[in-house]
Amino acid sequence: MNVDDIPVPAMASIKVSKENKSAVFKTTVIHTTDNKYIYCMPVRVDEKLVNFEARGMLKELKIEFAPFEFYAWKNISIIRFVEDGKSYLRIKTTTPGVKSMAWPDKPVTTRKKKKPPVVEKSVAEQPEDAAAAKK
């Protein structure tokens with residue numbers, strides 16, 4: 001699949017891997033040029049921009065062309081740039097995309113850990129009359 005064949009806009013996922021750890025991030029393709037550049041919306045986690053420019057990371061892009069129809073580009077480079085005060089991602093590829101399956105990993109949307117509930121379930125599930133009788 002050539003870059004020029006990517007529908008715009010298209011849902012996409014970026015997967016980064018380093019030292020047996022990986023993460024998937026959702027984005028949207030907004031433009032393509034020169035059959036080697038794919039422009040996407042920036043990725044944010046907890047309102048902060050994700051930096052894909054670190055060295056030593058393997059990066060892949062997967063684009064959904066239709067429901068359950070994905071194409072993947074490997075060995076890509078990703079830089080963030082600013083135009084008219086807005087941030088974007090420019091993804092460069094030198095190879096065509098290959099038909100692929102969706103990643104089983106859930107996309108990263110937050111780095112925050114889930115907190116335990118403030119009120120214990122056993123107390124919260126009791127009827128008001130029973131809770132009042134205990135007092």
Side-chain angles (χ1 to χ4, degrees):
M1 178 68 56
N2 292 322
V3 169
D4 290 340
D5 298 328
I6 297 171
V8 175
M11 295 303 299
S13 299
I14 298 170
K15 184 174 187 176
V16 292
S17 306
K18 185 174 183 177
E19 298 173 1
N20 295 327
K21 294 181 182 178
S22 65
V24 174
F25 303 92
K26 292 281 186 191
T27 186
T28 304
V29 175
I30 56 171
H31 188 63
T32 62
T33 60
D34 302 335
N35 209 23
K36 65 180 176 179
Y37 291 108
I38 303 166
Y39 295 87
C40 296
M41 295 303 294
V43 174
R44 293 180 189 271
V45 173
D46 297 332
E47 304 298 321
K48 295 181 182 175
L49 289 171
V50 176
N51 179 11
F52 294 104
E53 297 178 42
R55 291 182 179 226
M57 287 194 310
L58 293 175
K59 297 168 232 158
E60 298 176 56
L61 177 71
K62 201 165 277 194
I63 298 174
E64 188 172 0
F65 280 70
F68 307 107
E69 184 181 342
F70 299 89
Y71 283 85
W73 281 262
K74 296 185 178 194
N75 300 322
I76 58 173
S77 64
I78 304 172
I79 64 163
R80 186 175 66 86
F81 71 97
V82 177
E83 185 176 294
D84 296 331
K86 295 183 181 179
S87 226
Y88 300 97
L89 298 176
R90 184 175 76 190
I91 299 169
K92 181 180 180 183
T93 181
T94 56
T95 58
V98 294
K99 196 160 186 133
S100 181
M101 300 293 291
W103 283 309
D105 308 343
K106 288 188 175 186
V108 175
T109 56
T110 183
R111 291 187 51 118
K112 296 175 183 171
K113 303 286 184 205
K114 286 188 177 179
K115 295 180 182 178
V118 176
V119 179
E120 292 182 29
K121 280 187 178 181
S122 59
V123 173
E125 291 173 355
Q126 292 178 356
E128 288 182 30
D129 295 341
K134 282 189 173 183
K135 291 183 182 178

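- With a 6.0 Å radius and a threshold of 12 heavy atoms from other residues, nucleotides or ligands, Glu19 has its CD atom at or below the threshold.
- Using a 4.5 Å heavy-atom threshold, the side chains of Lys26 and Ser13 count as touching.
- Between Val8 and His31, the shortest heavy-atom distance links the atoms CG1-N, 4.0 Å.
- Between the Lys59 side chain and the Phe52 main chain, a donor and an acceptor come within less than 3.5 Å of each other.
- Ile30 and Phe81 fall within the same hydrophobic cluster, defined by Ile, Leu, Val, Met, Phe, Trp and Tyr side-chain heavy atoms under 4.5 Å apart, directly or through other members.
- Residues Lys18 and Gly56 come closest through the heavy atom pair CG-O, 3.7 Å.
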Tabulate below the donor-acceptor pairs under 3.5 Å that side-chain atoms of residues 85-92 make, not counting sequence neighbours, or state none.
from	atom 1	to	atom 2	distance (Å)
Ser87	OG	Arg80	NH1	2.6

Would you tabulate the side-chain donor-acceptor contacts of residues 60-79 under 3.5 Å, counting partners in other chains and residues two or more places apart, or write 'none'?
from	atom 1	to	atom 2	distance (Å)
Lys62	NZ	Ser100	OG	2.8
Lys62	NZ	Met101	O	2.6
Trp73	NE1	Thr95	O	3.4

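- The cluster map of Ile, Leu, Val, Met, Phe, Trp and Tyr, joined by side-chain heavy atoms under 4.5 Å apart, puts Val24 and Ile14 in different clusters.
- In the hydrophobic clustering of this structure, Val50 groups with Val29; members are Ile, Leu, Val, Met, Phe, Trp, Tyr whose side-chain heavy atoms approach within less than 4.5 Å, directly or through other members.
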Please table the atom pairs, donor to acceptor, closer than 3.5 Å between any side-chain atom in residues 34-46 and protein atoms at least two apart or in another chain.
from	atom 1	to	atom 2	distance (Å)
Asn35	OD1	Val3	N	2.9
Asn35	OD1	Asp4	N	3.0
Asp46	OD1	Thr110	OG1	2.6
Asp46	OD2	Thr110	OG1	3.3
Asp46	OD2	Arg111	N	2.9

